[in-house]
**Q** 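Sharing a structure here in structure tokens format.
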There are 2 protein chains.
Amino acid sequence: MSSSGKDQVQCDCNVIHEEVVNRVRDKMPEEEQLYDLAEFFKVFGDSSRIKIIWALFEEEMCVCDIAYLLNMTQSAVSHQLRVLKQARLVKPRREGKNMFYSLDDEHIAAIFKEGLNHLNE
Amino acid sequence: MSSSGKDQVQCDCNVIHEEVVNRVRDKMPEEEQLYDLAEFFKVFGDSSRIKIIWALFEEEMCVCDIAYLLNMTQSAVSHQLRVLKQARLVKPRREGKNMFYSLDDEHIAAIFKEGLNHLNE
DNA sequence: CTAACATATGAGCGCAGGTTCATATGTTCA
DNA sequence: TGAACATATGAACCTGCGCTCATATGTTAG
């Protein structure tokens with residue numbers, strides 16, 4: 001939080017490789033941005049959310065249909081949709097008593113594709 | 001595990017939207033593949049690992065230099081490198097007493113780029 | 001071989017997060 | 001307005017996981 005790691009030496013390498021470390025440090029993005037990036041990917045790190053997203057790839061669905069499709073509780077689906085909504089990945093649309101959710105991001109497909117490419121190598 | 005969710009109706013929507021649900025179900029990938037995808041993204045869902053990966057974008061580094069750069073314990077770095085190695089994202093190279101790690105995947109940059117694009121919208 | 005260094009690994013701790021349960025909020029219809 | 005339906009939400013429980021600590025493994029120099 002306060003320190004950038006420059007103040008403590010753990011072994012002799014740090015002295016030997018000081019130039020390398022400093023060069024890398026200068027090119028690192030802001031701490032906050034890397035944290036946000038991790039938070040973003042954390043959303044994809046749960047199979048329930050992955051399934052919900054994949055279902056919405058096809059078309060928008062209401063909460064209880066998602067629950068029915070994925071064999072989940074309505075409450076669990078609603079909780080996960082909340083997470084996805086906060087990450088600005090899905091958006092809701094009310095139609096009578098139902099809430100229909102659809103994808104709200106064009107990067108997801110590209111990210112999933114790269115992920116699958118990695119897994120299928 | 002056994003059920004596909006087809007055997008339980010949670011509300012009237014399921015009957016009304018049965019065609020939609022069935023169509024989406026047919027297009028969903030294997031359960032296992034979606035699980036693996038979540039496991040893969042879970043690796044990116046930690047800021048320590050994100051930082052390590054980003055550092056290795058620049059050039060290969062040895063364990064204690066990474067620890068020094070990121071202000072982490074050698075043990076913590078080693079544990080995280082193990083996770084990254086098991087996900088086939090980094091590969092080790094021994095040079096004397098040091099282990100140098102480098103990125104072992106060409107998809108990471110694309111995935112990070114899309115993630116940042118999403119965050120900066 | 002031994003000492004010093006660099007890294008890996010297992011056990012244990014503490015916290016974050018996903019699910020369930022109960023209940024609140026919101027909507028439609030009679 | 002009240003009842004039934006659809007969704008949202010808060011609390012509690014429990015598991016997973018990232019860290020620390022101690023120690024094992026591996027490498028080099030003398």
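No experiment lies behind these values; they were computed from the predicted model shown. Naming convention: chains lettered A, B, ... in sequence-line order (proteins, then strands); numbering from 1 in each chain.
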**Q** What is the distance, to the nearest angstrom, from the CZ atom on Arg93(A) to the C1' atom on dG26(C)?
**A**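 Arg93(A) atom CZ is separated from dG26(C) atom C1' by 17 Å.
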
**Q** More 5' along DNA chain C: Gly96(A) or Thr73(A), using each one's nearest nucleotide?
**A** Thr73(A)

**Q** Does the protein touch nucleotides 2-16 of chain D at the base, only the backbone, or not at all? Give it as B, S and - per nucleotide, heavy atoms under 4.0 Å.
**A** ---BSBBBB------

**Q** Find out whether Leu89(B) and Asp104(B) are in side-chain contact, i.e. whether some heavy atom of one side chain is under 4.5 Å from a heavy atom of the other.
**A** no

**Q** Which whole-number value in Å describes the distance from Gln80(B) CD to dT20(D) P?
**A**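 Taking atom P of dT20(D) as the reference, CD of Gln80(B) is at 10 Å.
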
**Q** Can you check the Lys51(A) NZ to dT19(C) C1' distance for me, whole Å?
**A** 13 Å

**Q** The criterion is salt bridge (Lys or Arg N to Asp or Glu O under 4.0 Å); which residues satisfy it with Glu106(A), sequence neighbours excluded?
**A** none

**Q** Enumerate the ring pair (Phe, Tyr, Trp, His ring centres under 6.0 Å) contacts for residues 83-107 of chain A, please, sequence neighbours excluded, ordered by first and then second residue.
**A** Phe100(A)-His17(B)

**Q** Which atom pairs, donor and acceptor, lie under 3.5 Å between side-chain atoms of residues 73-85 of chain B and protein residues at least two apart or in another chain?
**A**
residue  : atom : partner  : partner atom : Å
Gln80(B) : OE1  : Arg49(B) : NH1          : 2.8

**Q** Phe41(A): which residues meet the ring-ring contact (aromatic ring centres under 6.0 Å, His included) condition with it, sequence neighbours left out?
**A**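 For Phe41(A), the residues satisfying ring-ring contact (aromatic ring centres under 6.0 Å, His included) (neighbours in sequence not counted) are Phe44(B), Phe112(B).
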
**Q** Just to verify, what does Cys62(A) make a disulfide (SG to SG under 2.5 Å) with, not counting sequence neighbours?
**A**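 Applying disulfide (SG to SG under 2.5 Å) to Cys62(A) gives none.
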
**Q** Tell me: CD1 of Ile52(A) to P of dT19(C), nearest whole Å?
**A** 8 Å

**Q** How close or far is atom C1' of dC19(D) from atom CG of Asp46(B), stated in whole angstroms?
**A**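 So the CG-C1' distance, Asp46(B) to dC19(D), works out to 10 Å.
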
